[in-house]
Protein chains: 2
Amino acid sequence: MVGASNSRTLSGMSRTSALDAGDVRDAAPLFFALGDETRLRLLARLSSGGPGSIARLSAKSRVSRQAITKHLEVLADAGLVESRRDGRERIWAFEPKRVSDAHAYLDRISREWDDALSRLKQFVED
Amino acid sequence: MVGASNSRTLSGMSRTSALDAGDVRDAAPLFFALGDETRLRLLARLSSGGPGSIARLSAKSRVSRQAITKHLEVLADAGLVESRRDGRERIWAFEPKRVSDAHAYLDRISREWDDALSRLKQFVED
DNA sequence: GCGATATGCAATCAATTAGTTGCGTATCGC
DNA sequence: GCGATACGCAACTAATTGATTGCATATCGC
């Protein structure tokens, strides 16, 4: 499963190659959410330790509970986590779908580069 | 090639699993660099269009040349691009190594989640 | 019901970011 | 040499971020 095969939300996946503006607008907020140490730690915790309440997630953290709440909401906006209410608790869980979006985007960038190298090679060899 | 096989800079890649603090500290700045629309566009341009000077890279951009320069330096700090001087020009090029670092990190997060699901399944079935 | 627990909301703050403008310097090419 | 081109540096600004604190509200469990 891992890299998954379903999901796909980045625009224009039907296209063969070439990154368009839509991809960038989709991918940037996603990477932004991943670009903070505290959020990355939260994500790692949720992915390896399973769902947890805000209290649990902020227990071992240096920053305050409110800070953690805000980070979780940033991750939620990026679609990386989601929450459900359970009594007085709010349980947050890892949402793997978007991770494969990020994956896919990086794949495309890599592929573009490989293609560029191939074209260069072709050019040189001709 | 794509996801590449060489590179590897994130700490502790020899380990079997479990994301540690070192990974997070390495990966966060990397994702941060990717988390901006202008920078992502620059990276896409460099990966698909090949190396280019600041003037060329900022030609079609809405933002100023200096803004582009700053973004390129952020990407360079993250190890995603590198530059060489050529006369009065400074040529920037995509640096694929770090992209596979980001890849690897996302892989690990995905794997952790899969493991967690497996353990949960095990638990339920027992 | 009551105290303890879990979270939500709002105001505030310092630091960082993204971006600009103005000006100086280095190179190119004729 | 000289005008045009390509950058580098520095000062500044506005907006966004990450984080805090204080207080209100909702639930749990006995």
Side-chain angles (χ1 to χ4, degrees), chain A residues 21 24-46 49-94, chain B residues 21 24-46 49-94:
Chain A
V24 170
R25 270 192 292 275
D26 280 350
L30 187 49
F31 287 123
F32 175 83
L34 295 171
D36 175 90
E37 208 174 304
T38 305
R39 284 195 291 271
L40 221 41
R41 237 181 229 124
L42 277 171
L43 207 60
R45 156 69 181 75
L46 287 176
S53 70
I54 296 176
R56 275 181 70 75
L57 294 174
S58 57
K60 299 168 194 166
S61 175
R62 301 146 203 54
V63 299
S64 66
R65 171 180 61 86
Q66 287 80 352
I68 296 294
T69 297
K70 286 187 183 177
H71 281 303
L72 286 168
E73 275 160 5
V74 172
L75 288 171
D77 286 344
L80 288 164
V81 300
E82 53 182 20
S83 68
R84 61 183 158 78
R85 194 80 199 214
D86 180 25
R88 63 180 162 181
E89 292 187 320
R90 188 166 167 196
I91 308 297
W92 290 88
F94 178 54
Chain B
V24 170
R25 270 193 293 274
D26 280 350
L30 187 49
F31 286 124
F32 175 83
L34 294 171
D36 176 89
E37 208 173 306
T38 304
R39 283 196 292 271
L40 221 40
R41 234 180 233 127
L42 277 172
L43 206 61
R45 157 68 181 76
L46 288 177
S53 70
I54 296 176
R56 274 182 71 74
L57 294 173
S58 58
K60 298 168 193 166
S61 174
R62 303 149 202 52
V63 299
S64 67
R65 170 181 61 86
Q66 286 80 353
I68 296 295
T69 296
K70 286 187 183 177
H71 281 303
L72 286 168
E73 275 160 4
V74 171
L75 288 171
D77 285 344
L80 289 164
V81 300
E82 53 182 20
S83 67
R84 59 183 157 81
R85 194 80 199 217
D86 180 25
R88 62 180 162 181
E89 292 187 319
R90 189 168 167 195
I91 308 298
W92 289 88
F94 177 54

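Order of the sequence lines sets the chain letters (A, B, ...), proteins ahead of strands, with each chain counted from 1. Being a predicted model, the structure only gives us computed values, none of them experimental.
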Distance-only donor-acceptor pairs under 3.5 Å for side chains of residues 62-71 of chain A, two or more places apart:
{"from": "A:Ser64", "atom 1": "OG", "to": "A:Ala67", "atom 2": "N", "distance (Å)": "3.3"}
{"from": "A:Thr69", "atom 1": "OG1", "to": "A:Arg65", "atom 2": "O", "distance (Å)": "3.1"}
{"from": "A:His71", "atom 1": "ND1", "to": "A:Arg39", "atom 2": "NH1", "distance (Å)": "3.1"}

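Rounding to the nearest 0.5 Å gives a distance of 12.5 Å between CG of A:Asp36 and CZ of B:Phe31.
Rounded to a whole Å, the CG atom of A:Asp36 is 13 Å from the P atom of C:dT16. If you take CD of B:Glu73 and P of D:dA10, they are 12 Å apart, rounded to a whole angstrom. Remark: C1' of C:dT17 and CZ of A:Phe31 are 20 Å apart, rounded to the nearest angstrom. Rounded to whole Å, atom P of C:dT16 lies 15 Å from atom CG of B:Asp77. With rounding to whole Å, B:Ile68 atom CD1 is found 18 Å from C:dT17 atom P. Atom CD of B:Glu37 and atom C1' of C:dG19 are 15 Å apart (whole Å). Between the C1' atom of C:dT17 and the CZ atom of B:Phe32 lies a distance of 7 Å, rounded to the nearest Å. Spacing between atom CG of B:Asp86 and atom P of D:dC7 amounts to 10 Å, rounded to whole angstrom units.
OP1 and OP2 of D:dA19 both lie 4.0 Å or more from every side-chain N or O belonging to A:Ser64. Look at B:Arg90 and you'll find a side-chain N or O under 4.0 angstrom from OP1 or OP2 of D:dG8. Between B:Ser53 and the phosphate of D:dC7, there is a side-chain N or O to OP1/OP2 separation shorter than 4.0 Å. A sub-4.0 Å separation between OP1 or OP2 of D:dA4 and a side-chain N or O of B:Arg88 is absent. Close to D:dA19, at under 4.0 Å from its OP1 or OP2, lies a side-chain N or O of A:His71.
A search for salt bridge (charged side-chain N to carboxylate O under 4.0 Å, His left out) contacts involving A:Glu73 returns A:Arg90, not counting sequence neighbours.
Using a 4.0 Å heavy-atom criterion, one finds that B:Arg85 contacts the sugar-phosphate atoms exclusively. A:Ala67 comes within 4.0 angstrom of a nucleotide base, judged by non-hydrogen atoms across all strands.
For the pair B:Arg45 (side chain) and B:Gly50 (backbone), a donor-acceptor distance under 3.5 Å is present. A side-chain donor-acceptor contact under 3.5 Å links B:Ser53 to the backbone of B:Arg56.
Where A:Gly35 and B:Thr69 meet DNA chain D, the nucleotide closest to each residue was compared, and B:Thr69 sits on the side nearer the 5' end. In terms of position along DNA chain D, the nucleotide closest to B:Trp92 lies nearer the 5' end than the nucleotide closest to the other residue of the pair A:Thr38 and B:Trp92.
Judged by distance alone, with hydrogens and angles left aside, A:Arg65 brings a side-chain donor or acceptor within reach of the base of C:dG8, the pair sitting under 3.5 Å. Remark: the B:Gln66 side chain and the C:dG22 base include a donor-acceptor N/O pair separated by less than 3.5 Å.
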